[in-house]
Peer 1: 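What follows is a single structure, and I will ask about it in a moment.
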Amino acid sequence: MPDSPLNTGRKKLTVKERLREPHILAEMVKLSLNQSSASQKEFLQVLEGLAGAIRDMLENAGLIHAVEIDHRRMWAEVAGKPISFVDGGMANVTSLGTEPIAVRVGSYTVTPGNAGEDRETFNMEKQLVAELFDTSSSKGIFDDLFEDPSKLRDAARFCLETSAAVQCLERHPKPEFLFLHGALVNPVSAYADQYFPAFSQRGIDILLPPQERNRKGREATFVCVYLYMLEALARSGANVASVVERASASMLVSTTLLRDLNKFPVSPGATDLEAAVRRIRDFRIPDSLLFHAILNEGEYITPVAVDRNVESKRPQYSFDIIGLYPLPKVTYVGVGHFVQPLRVEFFDPPPAGYETCIRLVIHACRLMPNYAFPAGLDIVDKFAKVPNWMSRPINSTMAVQLLKNAIDNGNPRIIEAAKRMLCGTKRDWLFRPDFKG
Amino acid sequence: MTANNTWTPIGTVVGNATTSEFSFILKSFKSRVGDLVAVQMEVPDEARQGKQSIYVWGRVVTINRFNPFFPYEAAQELSNEGLSLQDTILSNSRDQLEAGVLILGCTAADGNFKNLYPLTYPVQPAAEVLYPPAKAIKELLAGGIPGHTPMRIGTLIARQDVDISISVDRVVARHMAILAMTGGGKTVAARRILRELIDLGYPLLILDPHGDYLGLWQKRELFQGSTVRLLYPHIAMTEQNRHIVEILINKMTEGLTEPQREVLSECLSEVDPEEGESVLRYIKRLRDTIARKASRVSDRRKLPTLSVCRRQLGVVENRLERMELTNERMRQRLRHLKFEQMPDPQGCPEAIISPRTISILYLGGYDHLTQTTIASILLEAIYEHRANLSNRIPPFLAVIEEAHTFIPSSREGASDVPSLETIRKLITEGRKFGTGLVLISQRPSRVDETILSQCNSFLILRLVNPRDQNFVKQIMENLSEQDARMLPGFGPGQGIISGQAVRFPLLARIRMDEDLIYTDLGDENFLKQAQDWKPDPHAPVRKRVAGKIQQLSRLPDRRPKGRGTAPKHENGDSTPPEGRDQSEQSRWDKVRKVFAMDTRAIGDLEAVTGLDWDQSRRREKVASYAKLPWKKLKAQGLSSHKRSRLLQLLEAAAAFSAHNQ
């Protein structure tokens, strides 16, 4: 990774100046409102102190880099190289409760500098309106529901998106860069105990290549299937990265980074660094806000390996498998004064290097300067989005079928369960105890 | 004909479809605005027992193109950085085209397109939209109006392989309006229609204020068997149309009061028009007659009335004279064209309207009022021949260029334009008597709304002015909002044809008759004229002569030779013979006392007596002269003739006063 001068050609602000900008002030106020009045008073002071100290260390440790924003140079550099963007869209089928999944994952591949008709291709890599999970071994959806149905949908989405990315990289011409929307390696511990249903054979057929479709038992569970696909992605040889623009409450990157800094000569010592970590946790300062205060436009930190599946949370059933999961290298990238920095994740240093990939991300964001999100991901997001007019009929059809099956069954408990599923909330008047008890 | 491989699928119906319109997603480059498209579907049959297959026909009125993957802010960044979209990761290949279709009606799906029915059942959502072949559309359009003669005027805008014809019968009997801004193709369209009518031998009368149609005469060899006549205005006086004089006075002056009209009427009855005499010459004679009458009148009370009548006639005479001169000059510039004097429409209408004859009345040089007066007199006379069923002239079509001049809107404050009522009568009643009108205007909003809305067919070409667009929307019931939005975007010769002359509104490209274009009469190149302009070689002569005349005018008046020229006096005045001078002096001294204290102006005396003395001195006070003795009056520089006329004026005024007392 080449050392870049911290000069993006744009105005460089100090931490103090950045924290006085109105857009960041709004974020701070929003966060501090959830805290005690004593904390509120100190919030700005703590944030300013932490951001200043961390930036100081990062700068002196050579862990902050700046890229020059030069569209002509950037696009000339990637001219003729296919770049893919992958994102998924879920249908809004909330009334169904659990299993049937309506999701599709699209890809947008574009070759900058190519004026021909093959310049860009849109593909719907995966489309699914079906049950992905095998419920035959359980007692059935109406009698004993899985405790958290949203987990099923999340797990299905993680797998489908990764599977679509793998499929996209098998196309010809093979993309040199591939960007996903969302975390590159999601936490899996929550989906890895023995109660989590395995994928159905149909699900396996959709997600995995032919040679991997004979999986049974634990091999067919989410945690194994997802690992297989992440490994396929990691060893693809392409420059794979994922981008997250949404703010979360996570403090994982900043705390990991502070602990890593102990290895550098700029470190004041492990005790002080731990004290800083404690302050971050006490004041619940999320990564997005902290790095917003630290980074100028066009700057990023050296990616740090973070572990989202810490040993303490791994279920015993999949402990060994989760241990095989790759650790994503995560960085924050300042893409504009008015927006929070983007989180960009890699497996290992990509073939083209972090700097090139991040520069590409920044320039892709600069094409949408207000939104400050990579234009290619925005395009594929719109492409894959399941519009409401498609969701509504799915909802209606599924709801009718569900209720019909329940009524045909004749079991009052099943009918009651179906009603609960179809109704908006459990506090609906329909479910209140009646005088008959 | 049924839909087979030749009917190309071009899209799918989306959204809410009704019986009047629907939208569809269009395949790229498969259709254009103005195209006729079809949807095959099933509807309940007449007996409502089963269903029948039909084609729903529609016209593409809008196409919205958008790229949902291209954000606005990206465009700003590309512009700021001077980037090409293709060099970046932005997408430009996913344009979406959503076409809006106005439903025209439906036909049976068995291939018989002659009968077009209104659609009474909505278009099926998700139905396939078809692009019919030219043959099918031709059959649909040819269905037209049974028994009517078609007139080919052009092609569909979007499909040059489909000709459009309109019904001649509806145009000649039920009137048509051609509306467009300058350069929109009015003349092209009018020429096209005229040519078809000429080929059919239909009698035509064209009122041409700007000479747009003079080229037809130049190209007359193209109209074998037809006669093209160029006419210039000439209103001949006859026994029957003496009232024209009164009309002209009313239209060109402030008008006459009731007593003045009576006096004029009396005078008109005394002066008989001569054979073929022009109205101008007649007015001159009439004025002379009134002057003579004034000098002999016994009842002095009539003097002012006569004077007013004479003066108003003078105004008419001046204006007519001036405009005839301008028209003549303009005709001189077009001396290679053979102009004829307009025959008397009352007495000789067949010389203007007859089969296979195109009469073009060139009104250049006349002001609006006169143009409209002439048009009114001409049209009214000709129409009367049709209306009284005299059978002297055949049915005909009158083409009125610059219709806003002849039938201005009441908002223009010109409700007294003489042709307004005439054309109103023609357009409301003319249909019964075979008198058709084609109204052409570049400012529709300035045309009388009631008259224009009587036109049953419209050809609307390019209109940019918002007032004109709104006006057109008001008068055309079947002009859709989408069609109205297209008006400013039409190219030359492109427009909407609508009304009874066609089965349904069509976007047309008018065929240009290039062989009728006569470049000599095109727009004049004023830039070149200005560059080539050289000062008038006669200007120095004029100046020289004027100078000499002014010098001469400063000399004392001389009596004409042979009348006993008086010797020149030192004061530069000439004197009449001594006896006459003494007589005038005594009369002056007698009469001036009456007016020595008079506060009136010379003009007032002229008004009451009907005598003209000196136009330039009308505002001067009578007393300023009357207080002067004869000798001093002579020293005022008045010629002996002027002095005598002044004396006569005062004497007449004194007599008038004495009589009234």
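Order of the sequence lines sets the chain letters (A, B, ...), proteins ahead of strands, with each chain counted from 1.
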Peer 1: Under 4.5 Å from any heavy atom of chain B, what part of A/I83 do you find: side chain, backbone, both or neither?
Peer 2: side chain
Peer 1: What residues of residues 86-101 of chain B make heavy-atom contacts with chain A at a cutoff under 4.5 angstrom?
Peer 2: B/Q86, B/D87, B/T88, B/I89, B/L90, B/S91, B/N92, B/S93, B/R94
Peer 1: Would one find more than 12 heavy atoms of other residues, nucleotides or ligands at under 6.0 Å from atom CG of B/N16?
Peer 2: no
Peer 1: Answer with side chain, backbone, both or neither: which region of A/F383 has an atom nearer than 4.5 Å to a non-hydrogen atom of chain B?
Peer 2: both
Peer 1: Contact part of A/N114 toward chain B, heavy-atom cut-off under 4.5 Å: side chain, backbone, both or neither?
Peer 2: backbone
Peer 1: At a heavy-atom separation under 4.5 Å, does A/Y108 approach chain B through its side chain, its backbone, both, or neither?
Peer 2: side chain
Peer 1: Please flag which part of A/A79 lies under 4.5 Å from any non-hydrogen atom of chain B: side chain, backbone, both or neither.
Peer 2: neither
Peer 1: For B/Y121, give me all partners under ring-ring contact (aromatic ring centres under 6.0 Å, His included), at least two apart in sequence or on another chain.
Peer 2: none
Peer 1: Using a 4.5 Å heavy-atom cutoff, which residues in residues 63-74 of chain B come close to chain A?
Peer 2: B/P68, B/F69, B/P71, B/E73, B/A74
Peer 1: List in chain and number order the residues that pass side-chain contact (heavy atoms from CB on, under 4.5 Å) with B/S498, two or more places apart in sequence or in another chain; answer none if no residue qualifies.
Peer 2: B/M476, B/N478, B/I496, B/P505
Peer 1: Determine yes or no for a side-chain-to-main-chain donor-acceptor pair under 3.5 angstrom, with A/R72 supplying the side chain and B/G82 the backbone.
Peer 2: yes
Peer 1: Should the heavy atoms of other residues, nucleotides or ligands under 6.0 Å from NZ of B/K30 be counted, would the total exceed 12?
Peer 2: no
